[in-house]
Protein chains: 2
Amino acid sequence: MSATNKLVRTEEHSGATCVAASEVVALIRDKWTILVLGALVRKDSLRYSEMQRTVGGISQRMLTLTLKRLEENGLVKRTIFPTVPPRVDYELTPLGRTLSKPLKGLLDWSMENRTAMSEARRVYAKGAKKATSR
Amino acid sequence: MSATNKLVRTEEHSGATCVAASEVVALIRDKWTILVLGALVRKDSLRYSEMQRTVGGISQRMLTLTLKRLEENGLVKRTIFPTVPPRVDYELTPLGRTLSKPLKGLLDWSMENRTAMSEARRVYAKGAKKATSR
DNA sequence: CGGAATCCACGCGGATACTG
DNA sequence: CAGTATCCGCGTGGATTCCG
């Protein structure tokens, strides 16, 4: 994750916006971050195994790494219950909850416009065929 | 990009939001997409070489691939001037311009909260040290 | 149950050289 | 100028195994 950060920061002349964005971008570039955050937004609080079922298709490794990074960045709160068998709950921190708003904006856009996007792909595919045959 | 898509779509039981998000998420996961979009938001219209300088640090390969994918998804308009030497202009489509709003929301959040995030990392680092030494 | 550790495949993306 | 093509390193992330 730090590798991505370093690289993006190489070009500071491209505007402060991009530089600042790199951290969040690096976070959501981690494939599962958005899905995990989305799960916590919808379900409010989840334990490890519940989360794995909710997100679906994620390996323990990736779930652990993703949660750890989110916790490390102050977006997710981790609560350990010293029972046996052990139990760990995850929930969004106040900071994480503020992120859910702009994130939701992006997800909403995605839902509203994905048909437009797939339609654009269809048109593009046809155009490419014509252009090639000329 | 389709690989990510296929994988995410494996778990449709996790909620329609995640499934729908996967397309946009897959797009912005492409390392340069956000920077390219950001450049087009700020500069409105750019030709290939201008874009490469504006984004900074991007290779021809990645610039071409990123632009092609954005065009394919109907977010970027590509205009070729059949002059010599050739000239190609890129600009956002109406669809692409609507994406800039939620995207900006995310970038703004990033700028406003990245100090909070790095502070959270500091705190987390200390806590980890104590927990380990026990 | 909730991880940590190890191994490894594959695809992203960088560097370079060539083309219309 | 605006790409395309090729090669390849390296990091991301999946599968499996073991631990408290």
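Chain letters run A, B, ... following the sequence lines, proteins first, then strands; residues in each count from 1. Keep in mind that the numbers below use all heavy atoms, side chains included, and drop hydrogens, waters and symmetry copies. This structure is a prediction, so every number in the text was calculated from the model and none was measured.
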Between atom NZ in B/Lys31 and atom P in D/dC10, what is the gap in whole Å? 14 Å

A/Ser118 side-chain N/O to A/Arg114 backbone N/O, donor-acceptor pair under 3.5 Å: yes

CG of B/Asp30 versus C1' of D/dT12: gap in Å, rounded? 14 Å

Just the rounded figure in Å: distance from C1' of D/dG14 to CG of A/Leu63. 14 Å

Provide, to the nearest angstrom, the distance between the CZ atom belonging to B/Arg29 and the P atom belonging to D/dT12. 10 Å

Using whole Å, what does the distance between atom P of nucleotide C/dC8 and atom CE of A/Met62 come to? 17 Å

Round to a whole Å and report the spacing from CD1 of B/Ile58 to P of C/dT16. 17 Å

State, to 0.1 Å, how close A/Leu67 and A/Val36 come at their nearest heavy-atom pair, and which atoms those are. CD2-CG1, 3.9 Å

Salt-bridge contact A/Lys68-A/Glu71 (side-chain N to carboxylate O under 4.0 Å): no

Minimum heavy-atom separation for A/Thr83 and A/Pro85, please, with both atom names. OG1-O, 2.9 Å

Is B/Val88 reachable from B/Val84 through a run of hydrophobic residues whose side-chain heavy atoms are each under 4.5 Å from the next? no

Report the residue (B/Leu65 or A/Pro86) whose heavy-atom-nearest nucleotide on DNA chain C is the more 5′ of the two. A/Pro86

Without decimals, in angstroms, what is the distance between A/Leu35 CG and D/dG14 P? 11 Å

Where at least one partner belongs to residues 88-101 of chain A, residue pairs that pass side-chain hydrogen bond (donor to acceptor under 3.5 Å, both in side chains), sequence neighbours excluded: A/Arg78-A/Tyr90, A/Arg87-A/Asp89, A/Thr98-B/Trp109

Mapping A/Glu50 and B/Ser59 onto DNA chain C by nearest heavy atom, which one lands closer to the 5' end? A/Glu50

Just how large is the angle between the end axes of the helix from C/dC1-D/dG20 to C/dG20-D/dC1, five pairs per end, to 10 degrees? 40°

Search all heavy atoms of B/Leu70 against all heavy atoms of B/Leu37 and return the closest pair with its distance. CD1-CD2, 4.0 Å

Among D/dA2, C/dG13, C/dG2, the nucleotide that comes nearest once only the side chain of A/Arg47 is considered: C/dG2

Atom pair distance, as rounded to whole Å: CD in A/Gln52 and C1' in D/dG14: 12 Å

Write down the protein N/O and nucleotide N/O pairs, taken from nucleotides 3-9 of chain D, whose separation is under 3.5 Å; answer none if there are no such pairs.
{"residue": "D/dG3", "atom": "OP1", "partner": "B/Arg78", "partner atom": "NH1", "Å": "2.8"}
{"residue": "D/dG3", "atom": "OP1", "partner": "B/Arg78", "partner atom": "NH2", "Å": "3.1"}
{"residue": "D/dG3", "atom": "OP2", "partner": "B/Tyr90", "partner atom": "OH", "Å": "2.7"}

Going by heavy atoms in the side chains, are A/Val76 and A/Leu92 under 4.5 Å from each other? yes

